[in-house]
**Student:** 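Before we start, here is the structure in question, set down as structure tokens.
Counting starts at 1 for both ligands and their atoms, in listed order. Note that the coordinates shown come from a computational prediction; the quantities given were computed from them, not determined experimentally.
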Amino acid sequence: MTGPLPQDLIQRDNAARLAALEDEYASLGRALDRRGRSIDAVKDAVKAFAVAVPTWGLGIGGTRFAKFPLPGEPITLHDKLEDAAVVHQLGRSTPSVSPHFPWDKVADPAGLKAEAAELGLSFDAVNSNTFQDQADQSWSYKFGSLTHTDKGVRDQAISHNIDCIDLGVALGSKAITVWIADGSNFPGQQNQTAAFDRYLDSMSQIYAALPADWRMFMEHKLYEPAFYSTVISDWGTNLIAAQQLGPKAKCLVDLGHHAPNTNIEQIVARLARFGKLGGFHFNDSKYGDDDLDTGSINPHQLFLIFNELVEARARAKDDFDPAYMIDQSHNITDPIESLLMSAAAITGSYSRALLVDREALTQHQDGNDVVMAFSDLRRAYETDVAPILAMARYELDGAIDPVGTYRRSQWRSRKAQERGRASGAAGIV
Ligand code: LRH
Ligand code: MN
């Protein structure tokens, strides 16, 4: 295993923790055996699981109020790839990076692909950006992009998305994620139906430019930056659009893009049932699109989402392969530590979902034995799967204690000597 950190540091740290891990793993294994669950089967599933990290999540994020730079945070895309490689070297579940254009635009995408491969990384879905005006842009996106009333603006946005696809092809990506901020702040400002029809027309032109083996993920969002109506505001609108556009068009579920207390696991079940679940942007939130660390506020919801994913995979006739990506804004923590914890929260939820006794659950559901059906889920949720996650990392030459080993590497303080200082300008990146 190569990576930016000295591998012997990880090995030394692991050596001091291995005996305890083996004891905890064996004891959990015996307990799961008694429940008819195979700990090794879950460990192998975790070892095969991968979630992508966002380039924009490797730097410090901010809000409209302020951003507080972290000495040693990545400045260039190359710094970000290096830090992403540290996350994967320690956690062993984030082998790919999701880029955002034009934030990550480079003159030599083939060179970037090779550089990433050197670091043990590949590129996941590319993200287009028609929610900000670039200096060299002819038309402003102030009143929208793919749904703008002016064809010139729509064409500009369509060609930007097609440029992103071309860049993605050069990077080895297999999908584009399209999130647009289009919407309105005043009742009457926008014709709701005409705006959606313009969206379908613009997206059909982007769809036509997709390579045969690509997918297009459309990301719905309830509000922000539009505060009265958003053109692609919810899963229903998104599903209709995906069904209208064709088999390559799928819906992407960003956990923070729903009203508080929305039953997101039910949305996941619906989209999966009709073959339109394209993937996820994992994060957590209490109020709005807070982009907090995955599983930090509502870990039970994350478990229930993976419970539906395991169910959907068992039910799926053809390939069920949602794209898993993290989309967070790290405003006050070291992004590497947050990404390591978030990856563990995600693989942890997946592990617990795999521990559900589905036979018993189906029997209790069919028999309307409410308490036992609820207990079948709760028992899995309350299982401490930390030994499974640590053993999976250990067997993949990762760290048994990733955040601890990261801190002992002094990576951030060393990078603070090498890297310049990031700007403190407010905003998400
Ligand atoms: C919009 C969003 C989208 C990205 C952006 C960085 O809120 O979730 O996925 O383009 O964040
Ligand atoms: Mn998102």
**Student:** In terms of side-chain geometry, is the basic nitrogen of D182 or K221 positioned less than 4.0 Å from the acidic oxygen of its partner?
**Tutor:**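 Salt bridge absent between D182 and K221.
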**Student:** If you measure every N or O of W56 against every N or O of ligand 1, does any of those distances drop under 3.5 Å?
**Tutor:**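 No: no nitrogen or oxygen of W56 is under 3.5 Å from one in ligand 1.
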**Student:** Could you tell me whether K248 sits above the aromatic face of Y207, with NZ or CZ closer than 6.0 angstrom to the six-membered ring centre and within 45 degrees of the axis?
**Tutor:** yes
**Student:** State the atoms of ligand 1, each with its element, that fall below the 4.0 Å cut-off from a heavy-atom position in D254.
**Tutor:** 8 (O)
**Student:** If the plane angle is over 60° it's perpendicular, under 30° parallel, otherwise tilted; pick one for Y223 and F227.
**Tutor:**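 The rings of Y223 and F227 sit tilted, inter-plane angle from 30° to 60°.
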**Student:** Could you tell me whether T177 approaches ligand 1 through its side chain, its backbone, both or neither, with non-hydrogen atoms closer than 4.0 Å?
**Tutor:**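 No part of T177 comes within reach of ligand 1.
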**Student:** Is the H258-H220 ring centre distance short of 6.0 angstrom?
**Tutor:**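 Yes.
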**Student:** Give the atom numbers and elements of ligand 1 that come within less than 4.0 Å of a heavy atom of H281.
**Tutor:** 9 (O)
**Student:** Give the atom name of whichever N/O/S atom in E219 sits closest to the Mn ion (ligand 2).
**Tutor:** OE2
**Student:** According to the interplanar angle, ranging from 0 to 90°, do the rings of F131 and W103 count as parallel (below 30°), tilted (30 to 60°) or perpendicular (above 60°)?
**Tutor:** perpendicular
**Student:** Below a 4.0 angstrom heavy-atom separation, can you tell me which part of N127, side chain or backbone, both or neither, approaches ligand 1?
**Tutor:**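 Within the 4.0 Å criterion, N127 makes no contact with ligand 1.
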**Student:** So which N/O/S atom does D327 have closest to the Mn ion (ligand 2)?
**Tutor:**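 Per the distance ranking, D327 contributes OD2 as its closest N/O/S atom to the Mn ion (ligand 2).
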**Student:** Between H100 and ligand 1, which part of the residue brings a heavy atom under 4.0 Å of the ligand: side chain, backbone, both or neither?
**Tutor:**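 Contact part for H100 vs ligand 1: side chain (C-beta onward).
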**Student:** For ligand 1, is there an N or O atom under 3.5 Å from any N or O atom of S128?
**Tutor:** no
**Student:** Do you know the tightest heavy-atom contact between L396 and R92?
**Tutor:**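 The answer is O-NE, 2.7 Å.
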**Student:** Below 3.5 Å, can you tabulate the donor-acceptor pairs from side chains in residues 301-310 to any protein atom, sequence neighbours excluded?
**Tutor:**
| unit_1 | atom_1 | unit_2 | atom_2 | d |
| --- | --- | --- | --- | --- |
| N307 | OD1 | R358 | NH1 | 2.9 |
| N307 | OD1 | R358 | NH2 | 2.6 |

**Student:** For the rings on H300 and Y381, is their centre-to-centre separation under 6.0 Å?
**Tutor:** yes
**Student:** Tell me whether ligand 1 is touched by E224 - counting only heavy atoms on the residue side and a distance under 4.0 Å.
**Tutor:** no
**Student:** Against heavy atoms of D327, which atoms of ligand 1 measure under 4.0 Å?
**Tutor:**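 By the 4.0 Å cutoff, the relevant atoms are 2 (C), 3 (C), 8 (O), 9 (O), 11 (O).
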**Student:** Among the N/O/S atoms of H281, which is closest to the Mn ion (ligand 2)? Give the atom name.
**Tutor:**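 Distance check against the Mn ion (ligand 2) picks out ND1 in H281.
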**Student:** Flag E219 as yes when one of its N or O atoms lies below 3.5 Å from any N or O atom of ligand 1, and as no otherwise.
**Tutor:** yes
**Student:** Please list, in number order, the atoms of ligand 1 under 4.0 Å from a heavy atom of D289.
**Tutor:**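 Here the atoms of ligand 1 in question are 7 (O).
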**Student:** For the Mn ion (ligand 2), give me the closest N/O/S atom belonging to D254, just the atom name.
**Tutor:** OD2
**Student:** Go through the steps for I400 and M391 under the test side chain to side chain contact (heavy atoms under 4.5 Å, CB included), then give the verdict.
**Tutor:** CA-CA 7 Å; I400 291 173; M391 190 60 84; over 6 Å; no
**Student:** Within the side chain of R215, is there an N or O that forms a donor-acceptor pair under 3.5 Å with the backbone of A175?
**Tutor:** no
